[in-house]
Amino acid sequence: MNYKRSRRSRSVATLPGSLPSNVVSFSASRKKVTAPKAHTIFYINESLDCAPLLESLGDIYLVDIHNPETLTRKLLIRIPDVILVESGIEWSDALTTVRQMTDLMAAPVVLLVGENSIKEDPDLIRKAYAAGVSDTLFMPLDQEEVFQTLNVLLHFQAQASLR
C-alpha cells in the first residue's frame, strides 16, 4: 500500500494502480480531443475533386461547401482564413459568389479555374480579378502550387491582422 497526503492533510491508503474512494477517474469516459487545425479553408465546389489534395496539405480544417444552405450555415459557425471557389459550380455563378465572399469576409478568395470554364468564357480570369479574387489556380491542381499560394495568402493575412 502507498500512503499519500490529501489536501486536508490526512493519510489516504491506496493500492497500487487504484484511486482513493474520494477521487473519481474521468480518463475512461473522456473522449479523445484533437486540437483545432491552424487554418480554416472554405472549399466552395460542385464536386469533391480537389478535397483529397487540399486535405493532404497538412494543418488545415477544410470545410466542404456544395450548396448555398451549407455556405450560410458554415459562415455562421466559422470564419474562414481562405476561401477557394471552383469556377464550375452550378448552384451559383462563381463570380457572384466571389463578389459576395469578398464583400462579407476579409479572407482572401482564390478561384479554381477548370478547363471548361476558360473555354466557355475566355475573359474569366480578368472578370475574376475585377470581382475581387486574390489569386487564380488552374485545375487540375498542383499540390506544390496550392501549398505556396496558401502560404503566401495566409502570411499576408497574418501581417494585415497585426496592423
Side-chain angles (χ1 to χ4, degrees), residues 24-163:
V24 179
S25 172
F26 292 104
S27 62
S29 64
R30 189 180 310 161
K31 293 181 180 177
K32 184 179 179 187
V33 177
T34 56
K37 301 275 184 162
H39 300 288
T40 299
I41 298 179
F42 276 24
Y43 173 39
I44 301 172
N45 64 85
E46 191 65 34
S47 62
L48 291 174
D49 294 341
C50 302
L53 180 136
L54 296 170
E55 289 171 340
S56 73
L57 295 176
D59 202 17
I60 64 167
Y61 178 74
L62 186 65
V63 179
D64 172 44
I65 298 169
H66 50 274
N67 60 49
E69 295 80 22
T70 304
L71 177 59
T72 303
R73 191 172 66 248
K74 296 295 182 177
L75 284 172
L76 293 173
I77 297 171
R78 196 168 201 119
I79 297 172
D81 295 307
V82 176
I83 303 167
L84 304 175
V85 180
E86 279 189 8
S87 61
I89 55 175
E90 294 180 12
W91 48 271
S92 176
D93 174 55
L95 296 179
T96 302
T97 302
V98 166
R99 258 185 234 99
Q100 291 171 340
M101 292 297 97
T102 56
D103 288 347
L104 289 173
M105 301 281 139
V109 179
V110 178
L111 184 66
L112 306 179
V113 181
E115 187 178 326
N116 291 337
S117 299
I118 290 293
K119 288 178 183 175
E120 292 171 11
D121 185 359
D123 291 333
L124 178 65
I125 303 300
R126 183 186 55 75
K127 291 176 183 176
Y129 282 106
V133 297
S134 301
D135 203 352
T136 56
L137 295 173
F138 290 92
M139 295 170 47
L141 296 176
D142 175 69
Q143 184 176 14
E144 184 61 27
E145 184 180 19
V146 174
F147 181 76
Q148 293 295 333
T149 300
L150 292 177
N151 275 340
V152 167
L153 292 173
L154 292 168
H155 175 75
F156 285 142
Q157 188 178 16
Q159 284 184 334
S161 67
L162 294 176
R163 294 180 188 166

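With sequence neighbours excluded, the residues forming a side chain to side chain donor-acceptor pair (under 3.5 Å) with Q148 are E144, listed by chain and number. Judged as a side chain to side chain donor-acceptor pair (under 3.5 Å), and not counting sequence neighbours, N151 has no contacts. Residues passing the salt bridge (Lys or Arg N to Asp or Glu O under 4.0 Å) test with E120, sequence neighbours excluded: none. Scanning for side chain to side chain donor-acceptor pair (under 3.5 Å) contacts around D81 gives an empty result, with sequence neighbours left out. Partners of D103 according to the salt bridge (Lys or Arg N to Asp or Glu O under 4.0 Å) rule, which considers only residues two or more places apart in sequence or in another chain, do not exist here. Here Q143 pairs with L53, S56, L57 under the side-chain contact (heavy atoms from CB on, under 4.5 Å) rule; sequence neighbours left out. Evaluation of the side chain to side chain donor-acceptor pair (under 3.5 Å) rule for N116 yields no partner, not counting sequence neighbours. Partners of A106 according to the side-chain contact (heavy atoms from CB on, under 4.5 Å) rule, which considers only residues two or more places apart in sequence or in another chain, do not exist here. For D93, there are no salt bridge (Lys or Arg N to Asp or Glu O under 4.0 Å) partners, not counting sequence neighbours.
Y43 places a side-chain heavy atom less than 4.5 Å from the side chain of E86. With a 4.5 Å cut-off on side-chain heavy atoms, I83 and V98 do not count as touching.
Residue F156 places its CZ atom among 12 or fewer non-hydrogen atoms of other residues, nucleotides or ligands, all under 6.0 Å distant.
G88 and S117 get closest at one heavy-atom pair: N-OG, 4.0 Å.
Residues in residues 122-139 take part in these salt bridge (charged side-chain N to carboxylate O under 4.0 Å, His left out) pairs, two or more places apart or across chains: D121-K127, D123-R126.
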Go through the steps to decide whether V133 and L95 satisfy the test side-chain contact (heavy atoms from CB on, under 4.5 Å), and finish with yes or no. CA-CA 9 Å; V133 297; L95 296 179; 5.8 Å; no
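With respect to the salt-bridge test (charged N to carboxylate O, under 4.0 angstrom), the residues E69 and R73 do not qualify.
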